[in-house]
S.K.: 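Below: one structure in structure tokens.
Start at 1 and go down the list; that is how both ligands and their atoms are numbered. Along the sequence shown, residues are numbered consecutively beginning with 1. Source: prediction; values computed, not measured.
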Amino acid sequence: MVCQNVQRIEERILQACQRSGRSREEIILLGASKYADAEKIRQAYQCGVKVFGESRAQDFLKKLELLKDLPIDWHFIGRLQTNKVKYIIDKVSLIHSVDRPNLAEEINKRAEKIQKVQDVLIEVNVGGEETKGGVSPEELKNLFEYCLNLKNIRVLGLMAIPPYEEDPEKVRPYFIKLRKLKEMLEKDYGIKLPHLSMGMSNDFEVAVEEGATILRIGSALFS
Ligand SMILES: *Cc1c(COP(=O)(O)O)cnc(C)c1O
């Protein structure tokens, strides 16, 4: 079942790549595994998904223990409390959800302790939704500059969870907005930001068309 899902998702990614003149190799399919148990994650891994993103530190640690025989590339994609950073810092290659200075500072401090430079993305609240995490577009530059000054953090790009829309076309403007914000940072600071983490089960094809490099797919993969 999971393998069939992977296959279908892969076909749709490929078609979106062809439509938009992109290459499949530019895009990482991340299994958003918060609702999947370790067995489901194992199946998805065996079907070719090599990167997974967890949303809660405690669940992540439990699943990691059950899956430690697999060389999974783990990311953290959920809201992150500063007091949980120490549990995950040595276990994830990318944190997608940096959205405030004190979180960046804590990640920097914990990374320094283990002599690591932690790759992160800054999460932007592109829909201005109060219930969601993410820095506001207006505050993005401040947070980005703050991160630039932290030696054990490296910002690789931006992430967003746009408002849910039945019609994926309605999400397109938010994807465009995130891409433009990334381009603005690249231009203003003269650096390259390789990643745009955007696109979920309901809208990943549109995200591919708008430049996503990491698709975070949960329900379409695991259901
Ligand atoms: C759950 C989750 C996803 C996946 O959502 P689906 O709609 O199930 O694909 C993606 N990103 C984040 C941050 C999530 O928490």
S.K.: Between Arg100 and Glu139, is there a salt bridge with N-O shorter than 4.0 Å?
M.R.: no
S.K.: Taking only residues at least two apart or on different chains, which pairs with a member in residues 36-46 satisfy side chain to side chain donor-acceptor pair (under 3.5 Å)?
M.R.: Arg42-Asp69
S.K.: Answer with side chain, backbone, both or neither: which part of Ser219 has a heavy atom less than 4.0 angstrom from an atom of ligand 1?
M.R.: both
S.K.: Report the residues that fulfil salt bridge (charged side-chain N to carboxylate O under 4.0 Å, His left out) with Arg79, sequence neighbours left out, ordered by chain and then residue number.
M.R.: none
S.K.: In ligand 1, which numbered atoms sit nearer than 4.0 Å to a non-hydrogen atom of Ser55?
M.R.: 15 (O)
S.K.: May I ask you to identify the nearest protein heavy atom to atom 11 (N) of ligand 1, giving residue, atom name and distance to one decimal place in Å?
M.R.: Arg216 NE, 2.8 Å
S.K.: Determine, for Lys187 against Glu183, whether the closest basic-nitrogen to carboxylate-oxygen distance falls under 4.0 angstrom.
M.R.: no
S.K.: With a 6.0 Å cut-off on ring centres, are Tyr189 and Phe144 close enough?
M.R.: yes
S.K.: Tell me, which protein residue and heavy-atom name are nearest atom 10 (C) of ligand 1, and how many Å apart are they?
M.R.: Met200 SD, 3.2 Å
S.K.: Should Gly78 be listed as contacting ligand 1, given a heavy-atom distance under 4.0 Å as the test?
M.R.: no
S.K.: For the CG atom of Leu221 and the CZ atom of Arg216, what is their distance to the nearest 0.5 Å?
M.R.: 14.0 Å
S.K.: With distance as the sole criterion, is a donor-acceptor pair present between the side chains of Ser93 and Asp73 under 3.5 Å?
M.R.: yes
S.K.: Considering heavy atoms of the protein only, find what lies nearest to atom 6 (P) of ligand 1 and give residue, atom and distance to 0.1 Å.
M.R.: Ser201 OG, 3.5 Å
S.K.: Ligand 1 and Lys34, any nitrogen or oxygen pair closer than 3.5 angstrom?
M.R.: yes
S.K.: Using a 3.5 Å cut-off on N or O atoms only, is Ile161 in polar contact with ligand 1?
M.R.: no
S.K.: Going by heavy-atom distance to atom 12 (C) of ligand 1, choose the closest among Ile217, Leu30, Ile77.
M.R.: Ile77
